[in-house]
Protein chains: 2
Amino acid sequence: MLSKKTKYGIKALTYLARQEQNVPVSIATISEMENISLKFLESILLTLRKSGLLGSKKGKGGGYYLLKDPKDIKMTTVMRVLEGPIAMIPCVSLNYYEKCEDCPNEAECAVHLLMIRVRDSNLKIYGETSLADLANY
Amino acid sequence: MLSKKTKYGIKALTYLARQEQNVPVSIATISEMENISLKFLESILLTLRKSGLLGSKKGKGGGYYLLKDPKDIKMTTVMRVLEGPIAMIPCVSLNYYEKCEDCPNEAECAVHLLMIRVRDSNLKIYGETSLADLANY
DNA sequence: TATTACCCTACTAAATCTATAGGGTTAAAG
DNA sequence: CTTTAACCCTATAGATTTAGTAGGGTAATA
């Protein structure tokens, strides 16, 4: 299942992508427009800022804004930041590899083989989809 | 994340696919060979039997066996039985569709659009992978 | 200098996951 | 026909994750 965090994060990013670039939008505005709990959204936007996707401006007239052109924001990055590793199991993760304790031989493991295929297919989708693709419906 | 239930279920199915067909294998044997908690595996195999993938034989010399040729068991079926819907969000689920409460317009929803692509890509992978493909490494 | 709006920590209710416990039932072997 | 191997089923429980809520601190702009 996709977490609400990821869902809301993508919605917020899309909302920003549909605005004029570099004009800050307040958390409150995004929260209202996208029907997202304000405080929860706040923590999500904080995560996105820390990851380098968003910039923020404090004080009156402040808010969040995209740091890059939506065309240059791949969903691979977004998903990794919000949802975590693309791989469904650590033994096929490119960035967070971990061996399965119970598995004596990865090469013979059916789960391993299947999950590599799933990972590659998802990486392809996320890699060829940008925020701009999703914003310009 | 892939649940342990699904992981163990696939491992058990693969183990059975690698044996002679229609010869029952006991839970205890699979548990030992694949390093899976016996009681947990028991409940997983029960699920697989109820779903029609496995048959069982009681009493001495009994156990579980595949009801179909591994070539005819698609991972789509296996994943749906063990992990649940293929879709990561109900609003793009083919079999368990549900509207998002917060979403006024699916057609304009970035999450919806992205998740349709992910769903289709995963359906393709699971559809073209059979248990036999995974067992004959 | 007042106000707006981001920043950060801590906590919590609910759900899900990953089992474990304990016994009941069936059927084959001897 | 009795023993026993092995499936069948329900209930429970600890750990983890999710989806927030609460409450205040800090910075910058008008």
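Values below: every heavy atom of this structure, side chains too, minus hydrogens, waters and symmetry copies. Lettering follows sequence order; numbering is per chain, from 1.
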**Q.** Reported CE-to-NZ distance for the pair B/Met88 and A/Lys7, which is rounded to 0.5 angstrom
**A.** 12.5 Å
Measure all distances between protein nitrogen or oxygen atoms and nitrogen or oxygen atoms of nucleotides 18-21 of chain C, and list the pairs falling under 3.5 Å.
unit_1: C/dT18; atom_1: OP1; unit_2: B/Lys4; atom_2: N; d: 3.3
unit_1: C/dT18; atom_1: OP2; unit_2: B/Lys4; atom_2: N; d: 3.0
unit_1: C/dA19; atom_1: OP2; unit_2: B/Tyr8; atom_2: OH; d: 3.4
unit_1: C/dT20; atom_1: OP2; unit_2: B/Ser37; atom_2: OG; d: 2.8

Q. Same cluster for B/Leu131 and B/Leu2 if Ile/Leu/Val/Met/Phe/Trp/Tyr side chains link at under 4.5 Å?
A. yes
Q) Does the B/Gln19 side chain pair with the main chain of B/Pro24, one donor and one acceptor, at a distance under 3.5 Å? A) no
**Q.** Whole-Å distance separating the CG atom of B/Leu54 from the C1' atom of D/dA6
**A.** 15 Å
Q | Interface with DNA chain D, restricted to residues 59-67 of chain A and to heavy atoms under 4.0 Å | A | A/Gly59, A/Lys60
Q: Mind checking B/Lys7 for me? I need base, sugar-phosphate or nothing, with any heavy atom below 4.0 Å counting as a touch.
A: nothing
Q | Integer-rounded Å distance: D/dC9 C1' and B/Leu46 CG | A | 7 Å
Q.
Nearest whole Å is fine: how far is D/dA6 C1' from B/Glu32 CD?
A. 14 Å
Q. Rounding to a whole Å, what distance do you find between B/Asp102:CG and D/dG20:C1'?
A. 14 Å
**Q.** Whole-Å distance separating the CE atom of A/Met1 from the C1' atom of C/dC17
**A.** 15 Å
Q) Can you hop from A/Tyr65 to A/Tyr15 via hydrophobic side chains spaced under 4.5 Å? A) no
Q. Do you know the tightest heavy-atom contact between B/Thr129 and A/Arg117?
A. OG1-NH1, 3.1 Å
(Q) Tell me the interatomic distance from B/Leu45, atom CG, to D/dC7, atom P, rounded to whole angstroms. (A) 8 Å
(Q) Counting only heavy atoms not in A/Tyr96 (residues, nucleotides, ligands), do more than 12 fall under 6.0 Å from its OH? (A) no
Q) Should we count CD of A/Glu98 as having more than 12 external heavy atoms under 6.0 Å? A) no
Q: Could you check if a side-chain atom of A/Thr14 sits within less than 4.5 angstrom of a side-chain atom of A/Glu34, using non-hydrogen atoms only?
A: no
Q. Looking across every strand, which nucleic acid part, if any, lies under 4.0 Å from A/Ile27 by heavy atom: base, sugar-phosphate, or nothing?
A. sugar-phosphate
Q) Taking only side-chain nitrogens and oxygens of B/Ser56, does any of them come within less than 4.0 Å of OP1 or OP2 of D/dC8? A) yes
Q) Just how far, in rounded Å, is P of C/dA5 from CZ of A/Arg49? A) 17 Å
Q | Rounded distance in Å - NZ (B/Lys50) to P (D/dC7) | A | 15 Å
Q. Can a donor-acceptor pair under 3.5 Å be found between the side-chain atoms of A/Glu42 and the base atoms of C/dC6?
A. no
Q. Do you reckon A/Leu48 sits in the same ILVMFWY cluster as A/Met33, going by side-chain contacts under 4.5 Å, direct or chained?
A. yes
